[in-house]
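Note on naming: letters A, B, ... go to the chains in the order of the sequence lines (proteins, then strands), and numbering restarts at 1 for each one.
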Amino acid sequence: MLAGHRGDVILEVSDLVKYFPVTGGIFSRTVGHVKAVDGISFFIGQGETLGIVGESGCGKSTTGRVILRLIEPTNGRAFFEGQDIFALKGEAVRKLRRRMQIIFQDPYSSLNPRMTVGDLVGEPLKVHGILNPSDRKDRVHDLMARVGLDAYHYHKYPHEFSGGQRQRVGIARALALNPGLIVCDEPVSALDVSIQSQVLNLLKDLQQEFSLAYMFISHNLAVVKHISDRVMVMYLGRIVETADTDALFDHPQHPYTISLLSAIPTMDPAVKCKRIILTGDVPSPVNIPTGCRFHTRCPYRFDRCLIEDPRFGDIGNAHFVACHLMEQRDG
Amino acid sequence: MSDKKSSVLWVCLIILLGCFSVMVCTSGKTLAQTSAPADSDKAKFGGTITVAWNLAPAHLDPNKSTGSEYGDIGYNIFEGLFEPDAGQVATPHLAESCKVENGGKTYLVTLRRGVKFHNGKEMIAEDVIASFNRWLTNNGGGKMVAPYFDSITQGAGPYEVVIRLKQLYAPFLNILSSNVANQKMFVMPKSVVEAAGDKPLDNPVGTGPYKLAGFIPDQHAKLVRFTEYTPVKKPSSFMAGERKAYADEIVYKFLPEEAVRIAGVQSGEFDFAVQVSTDQYKVLAGDPKAEPLIVPETMEHFFIFNGAQPPFNNIKARQALNHCLGIDAIAMATSGDSKFWVLDPSYMIKKSAWYTPDVGKGVYNTPNIEKARQLLTESGYAGTPVVILCSSADTVSVQAAQVAKAQAEAAGFKVDVQVYDRPTAVGIRSKKEGWNIFPSGFIASNPDPQVFGAWMGTNRWITNWDDADSRKMDAVFDRMMVEIDPSKRLDIVKEWNQEIYRTLPFIKLHNYSILHARAKRLQGVEAQPRIMFWNAWKEKVPAS
Amino acid sequence: MFNFIIRRLLLLIPVLLVVAVIAFLSTHIMPGDPVIMILGDFAPPEKIAAMRLQLGLDKPLYVQFVIWAQHILCGDMGHSLFLNQPVTQAIIGRVEPTLLLALIGQSLGILIGVPLGILAAVKHRTWIDQGSIGISLIGISMPSFWLALLLIMVFSVRLHILPSSGYIPLAEAGFGTIKYLILPGVTLGFMQSAIIARMTRSSMLDILNQDYIRTARAKGLSEKVVVLRHALRNALIPVVTVIGFSMAVLLGGTWIVETLFNIPGTGALAITAIMRRDYPIIQGSMIFTAGIYVLVNLLVDISYAIINPRIKYG
Amino acid sequence: MPSSIPASSTAEEACSLDRFKKMIKSFGKNRYMAIGGTLIAIFMSLALFAPWLARCDPLAIDPVNRLHPPSFAHWMGTDELGRDVYSRVVFGSRTSIQIGFLVVFLSTALGLITGLAAGYFKRVDAIVMRILDGLMAFPDIIIAVTLAAVWGSGKLTLVLAMVTAYFPRMTRTVRAAAINVCDLEYVESAKSIGCTNFYIIRQYILPNSLSPIIVQAAFIFAAAVLSEAALSFLGVGIKPPTPSWGGMVSQGRTYLTIAPWVIVFPGIAIAMAVLGLNLLGDGLRDHMDPRLQF
């Protein structure tokens with residue numbers, strides 16, 4: 001189905017749709033939808049890091065949460081390790097969590113302030129009834145050591161830690177159940193720059209050690225470039241471009257990607273880059289523009305863009321772009 | 001627990017103590033001051049008398065309720081053909097005179113001429129007849145008269161009324177003028193009576209010295225002087241005689257909370273506050289602006305037995321309880337200082353013609369635990385708790401019941417004092433089961449033995465008492481009702497009272513005084529069982 | 001938001017109907033008879049029977065219920081057994097003093113309580129904190145009639161500054177009405193401020209220990225900005241709940257204060273109606289209070305949305 | 001893996017023992033809790049050992065010595081029936097504390113169940129809150145009078161009436177706090193690791209909503225003790241000879257100016273008990289919030 005499909009796919013998503021109903025009227029009839037995710041398909045390979053970038057509100061976080069079933073999807077299918085995860089119910093959803101985990105953006109608000117670090121890291125084991133308490137304690141100590149926390153931290157509370165340390169707690173917590181895939185929802189954006197790279201490197205090391213796959217959601221292109229194998233660019237609930245990291249960063253094709261990349265400050269003045277400064281705001285996800293949904297802000301738009309939704313096409317080397325310009329150039 | 005951390009405790013304590021000390025200080029402080037006598041009659045006129053009343057009536061039609069609050073305000077508005085004087089004797093008031101004919105069965109009443117109603121019309125016979133007929137069917141006093149009543153007609157001319165009775169009925173004039181339970185026959189204009197029918201009056205119109213200017217239920221009633229009032233040209237005595245409306249206005253405010261009534265008198269907002277606890281005497285006596293007003297021994301307290309239920313359907317059990325009771329202790333607990341109560345076996349007050357001080361010997365206030373125990377055993381008392389039912393609003397009863405409980409339990413009774421809000425208590429009381437004793441206070445200054453509250457005959461009111469003894473008493477009572485010779489009647493009353501002490505359908509406790517609070521500047525309020533504000537005036541405060 | 005409000009208002013109807021039914025049943029289960037209350041203790045039995053017939057109280061309960069329900073559905077709450085007034089009129093006539101009293105009491109409570117609570121939380125574990133806890137605890141534990149009597153003693157009896165009781169409607173006295181509402185208002189306000197201060201302090205402490213406040217402080221924002229801009233807004237949610245709820249209580253009428261100060265409010269009306277078993281008034285008062293509760297709760301929910309934009313109603 | 005659970009007991013015990021020691025230690029450190037706990041302990045023992053602590057029979061009437069000021073014979077004076085105020089305060093602690101705690105316990109339990117359910121499950125919310133809107137319309141006095149009609153007046157009636165009147169407040173408080181907590185990211189985090197709803201409510205929502213709940217519970221205690229006074233006075237409360245602080249304060253208010261001790265001492269008892277409970281509540285709240293530990 002998807003070109004460039006590698007053999008060992010851990011997650012495959014097709015035509016994922018998530019609409020949030022907008023209700024109105026006295027009897028709460030649905031009067032419209034926030035089209036947060038509007039038909040996207042992608043996959044993540046075993047041990048691979050897929051970076052998802054886009055402005056806030058483009059649906060990247062929603063995608064991560066829908067995959068985890070923290071939010072119920074409106075439509076679409078998703079296979080995780082061969083299992084149709086949208087068909088799961090009740091207890092089975094809970095079981096799914098043992099293989100799929102999430103690291104949250106804000107380490108300050110994502111840890112229960114009333115639990116000690118030991119309890120926090122051990123909690124996933126506890127709620128799934130894995131290991132007896134003493135073995136669990138050993139495992140928690142292992143995990144803590146692995147993410148770079150000291151043993152004496154066990155009885156400490158989150159508020160006694162710095163942001164970076166807390167994020168390590170969050171990572172240890174996510175790792176506890178030996179997941180195959182971790183959704184990293186902007187895991188470093190709340191941290192100081194100096195800490196960011198430490199955490200990123202930790203994530204990289206852990207990936208190697210536990211052969212983890214990451215869905216790495218971020219709006220920070222530099223971070224995504226650093227960690228991802230492949231990158232997916234989202235705009236208003238759609239994927240506009242997907243490619244291997246190098247290909248995407250070296251040869252961005254979609255005007256939106258180009259505009260995003262051009263905003264990265266670069267150290268090398270020699271690198272030439274088509275600079276695109278976007279004007280205007282992102283349109284409301286309730287009233288999505290016709291045709292290409294980027295046309296309202298695209299400097300290259302032409303008649304067709306206003307009418308026709310561009311196809312998401314391969315331009316070679318598993319580099320997919322949804323833009324009429326590409327089609328014209330190709331054909 | 002040291003230093004700062006315990007300071008919360010200290011702060012609390014200090015504030016609490018501060019509050020109390022303020023209270024105590026405000027209560028103390030005495031400043032003796034005597035009031036100067038009023039100079040002349042002219043100076044007495046004017047001003048508003050503001051009265052803090054304890055109970056709030058729903059309407060101002062005395063015929064439609066026996067509650068005292070329904071009548072007390074009405075006394076200013078309405079007048080009777082006869083009014084009781086200080087000796088509880090019915091004296092002609094709207095009537096000019098009264099001739100009794102036909103051996104006591106016909107009353108020929110001549111009306112005073114030129115008496116105006118508040119609506120401007122003159123009072124004539126047809127008004128009296130209409131009022132009388134409505135009274136007969138609506139008023140509790142009328143109901144008492146009805147069995148003996150034959151007809152009421154106009155006599156010779158519009159100022160004469162003839163009332164005929166079927167048989168002799170001694171209390172007739174006393175009931176017509178009664179100041180108890182709103183039994184008095186008030187005269188109202190015929191048009192007003194007809195408009196009201198059997199419903200409460202919308203528009204109270206009478207001949208009294210004050211007329212109604214505004215009434216808001218639960219808040220206040222406002223009366224203004226009736227300028228065309230025609231007083232009786234006789235010296236004033238209780239309700240009879242001349243009524244002078246000195247004040248321009250009388251405002252009754254309804255305030256159920258005693259402390260607030262007193263505070264209002266102390267602060268000068270009210271001129272009078274009715275019914276305050278006798279314990280407040282010292283406070284009032286020590287206040288420079290206020291003065292206590294004692295109405296001596298005007299109330300009497302009773303324990304009414306439920307004669308339908310064991311153990312008190314048995315005379316031995318009733319006697320046993322009687323010998324448990326030390327009435328001094330009960331009186332002291334309910335009324336405090338001995339200047340506010342007196343022990344008296346008579347059911348009528350000393351001033352009354354029907355006073356019987358020598359009844360109840362060996363029965364009244366004879367605590368004797370041994371005898372009580374013995375009688376109780378003889379009665380076959382099974383040990384089921386005796387329920388003393390009280391209404392929470394009646395503190396005298398609640399306290400009396402608690403003392404009685406302690407006294408009765410010493411002799412082997414088991415007592416359960418049950419206190420409910422008034423409607424619930426009255427509701428339970430109206431049934432034949434669920435209670436054994438109901439403590440109740442009555443006005444002792446009665447116009448007639450018939451009106452005596454605790455006795456209404458076999459199976460009447462709440463006593464549920466029906467046996468040979470009760471019927472014997474009925475017979476004595478009936479004789480008393482038709483005996484019009486006063487001295488013979490007094491003998492029957494004595495016999496009847498003796499009979500009560502023998503059979504004990506209820507136990508009489510003490511007579512007690514009622515305390516009111518008066519502002520010093522208010523003069524001329526008489527210490528009577530009914531508090532009235534005609535003939536009362538406010539001293540002008542010299543500008544200083 | 002508008003539709004949310006309309007929807008909640010429509011929900012009011014079933015709530016009020018349920019309340020009405022419960023009100024009817026509970027008043028008729030209550031022991032005691034209004035007729036004896038009307039006619040007095042010594043009324044003869046035949047007069048009582050006649051009165052019961054006249055008021056329709058002789059009919060079986062279910063018949064009375066059906067008649068009553070028909071009237072209620074037509075919006076007719078009946079006629080007071082005592083006041084010679086329709087129930088609706090009786091209640092509406094009592095709203096003004098209660099409303100004014102509630103406003104005065106509550107504003108005093110908020111004006112004193114919120115700053116006191118903030119101060120206590122900011123100066124946590126200092127004597128200021130302890131002092132304010134102390135004051136607010138006194139406020140909670142002091143019976144209101146006690147405070148009321150104390151105020152009367154001091155301000156009316158001793159100092160002659162304010163009237164001890166009574167009420168004159170706005171229409172008659174204009175600004176002079178306030179005079180009658182100061183003492184009862186202070187009585188209520190003291191209790192309210194105690195409750196509000198404690199809630200504010202507690203909730204403020206919670207928030208001040210949240211990490212984002214630490215962050216805000218770490219950012220070098222002044223303490224004033226941190227407390228007033230960042231913390232207070234978030235600390236207000238439980239406070240608003242308490243304020244809202246107590247406002248509903250106050251609007252329903254505070255019978256102790258109203259009775260003591262002889263203020264003709266809805267609370268005094270309800271309590272006297274209970275004490276006299278004036279069934280229609282009791283039922284009307286219950287329905288009225290229920291309506292107030294629902295409306296106030298609605299306002300509270302709306303204010304949640306304003307204070308905390310994360311909560312959305314659709 | 002779950003099969004290995006039995007082996008855990010000793011470790012758990014060691015852990016709880018550890019916690020207990022910690023609690024005792026922090027109890028010493030936390031002075032609010034210490035003062036509050038001591039006050040409550042005093043009142044509890046007052047209630048427990050009343051017959052030994054009282055100096056005379058609280059019901060013994062002595063009209064000759066009514067309204068006597070405090071003296072050596074009567075430490076807190078005598079009341080309007082000449083009963084010993086001190087003994088009545090001591091015995092009154094039984095009634096008042098019993099009622100206070102029963103009402104707090106029951107209304108908190110009910111409030112927690114309904115409030116958490118309403119705050120956590122949006123669908124339950126609408127139903128529960130509408131029912132409560134209706135319930136809150138009934139003042140405690142109406143409930144008390146009605147219940148008294150069905151069961152007769154007494155302690156149980158009083159408690160149930162107050163619980164019916166107060167638990168909606170608790171529900172509202174719990175719900176508001178729970179809604180606030182539910183929005184926080186750590187609840188999502190709990191879901192993401194596969195915690196059950198019940199577990200989340202118990203381990204996340206409840207502990208993080210505790211402080212307003214504790215404050216509200218302390219209010220309800222105060223309100224219960226005081227409204228017992230009001231209800232007793234209206235004749236739907238504790239039967240008169242039985243001493244209760246609320247009853248003493250409300251019946252003694254007539255004697256405010258002439259015999260203040262009748263009302264002052266039970267008043268102080270109420271204030272101290274409420275203070276104690278509030279301090280204990282504050283202490284507990286601090287104790288349970290790790291961020292406030294020293």
Side-chain angles (χ1 to χ4, degrees), chain B residues 4-5 7-12 14-16 19 22-23 25-27 52 56 58-59 64-68 70 138 140 143 181-182 198 200 202 216-220 253-257 259-260 262-264 266-270 393 420-428 430 440 453 456 461, chain C residues 30-34 36-48 50 54 80-85 125-127 129-131 133-135 137-138 141-142 145-150 152-154 156-158 160 163-167 259-262 264 268-269 272 274-278:
Chain B
K4 264 188 193 170
K5 307 297 178 189
S7 56
V8 181
L9 237 161
W10 287 116
V11 170
C12 290
I14 289 167
I15 295 177
L16 267 174
C19 295
V22 174
M23 281 182 212
C25 290
T26 51
S27 68
H59 53 76
K64 299 301 287 184
S65 179
T66 60
S68 64
Y70 289 82
N138 285 279
K143 293 257 148 129
N182 308 328
D198 285 342
D202 279 333
I216 304 177
D218 293 334
Q219 289 175 59
H220 67 256
K253 294 198 168 183
F254 306 119
L255 289 155
E257 185 68 25
V260 177
I262 294 180
Q266 289 178 307
S267 72
E269 287 161 77
F270 306 144
Y420 293 98
D421 69 322
R422 188 160 159 255
T424 310
V426 171
I428 295 173
S430 65
S440 186
M456 288 187 176
W461 200 44
Chain C
M30 276 159 76
D33 188 337
I36 297 177
M37 295 301 106
I38 296 171
L39 295 178
D41 275 9
F42 307 109
E46 58 278 13
K47 277 185 74 181
I48 293 176
Q54 186 195 329
S80 163
L81 302 183
F82 280 83
L83 299 179
N84 195 24
Q85 249 185 336
R125 284 166 202 276
T126 64
W127 66 269
D129 184 19
Q130 322 232 332
I133 296 179
I135 293 170
L137 282 178
I138 299 273
S141 55
M142 191 187 264
F145 57 79
W146 198 7
L147 178 62
L149 291 176
L150 187 72
I152 294 176
M153 291 295 162
V154 176
S156 304
V157 176
R158 293 284 284 173
H160 302 292
S164 62
S165 61
Y167 180 78
T259 310
L260 272 175
F261 289 99
N262 198 29
L269 177 72
T272 42
I274 292 170
M275 297 322 286
R276 301 196 280 224
R277 302 295 188 269
D278 191 342

Heavy-atom distance under 4.5 Å to chain B: side chain of Leu149(C), backbone, both or neither?
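Only the side chain of Leu149(C) comes within 4.5 Å of chain B.
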
Which atoms of Ser156(C) are under 4.5 Å from chain B, going by heavy atoms: the side chain, the backbone, both sets, or neither?
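Both parts, heavy atoms under 4.5 Å.
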
Where does [X] contact chain C at under 4.5 Å (heavy atoms): side chain, backbone, both or neither?
{"X": "Gln219(B)", "answer": "both"}
{"X": "Tyr70(B)", "answer": "side chain"}
{"X": "Asn138(B)", "answer": "backbone"}
{"X": "Lys64(B)", "answer": "backbone"}

Any idea which heavy atoms bring [X] and [Y] closest together, and the distance?
{"X": "His160(C)", "Y": "Gln266(B)", "answer": "CE1-O, 4.0 Å"}
{"X": "Asn262(C)", "Y": "Asp218(B)", "answer": "OD1-O, 3.9 Å"}
{"X": "Ser267(B)", "Y": "Ser164(C)", "answer": "OG-OG, 4.4 Å"}

Could you check whether any side-chain heavy atom of Ser165(C) comes within less than 4.5 Å of a side-chain heavy atom of Leu255(B), counting everything from C-beta outward?
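Side chain of Ser165(C) against side chain of Leu255(B), heavy atoms only: contact under 4.5 Å found.
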
Could you tell me the separation between the CD1 atom of Ile262(B) and the CE atom of Met153(C), rounded to the nearest 0.5 Å?
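Going from CD1 on Ile262(B) over to CE on Met153(C), the span is 8.0 Å.
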
Please name all residues satisfying side chain to side chain contact (heavy atoms under 4.5 Å, CB included) with Ala50(C), sequence neighbours left out, ordered by chain then number.
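If we apply the side chain to side chain contact (heavy atoms under 4.5 Å, CB included) test to Ala50(C), skipping adjacent residues, there are no hits.
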
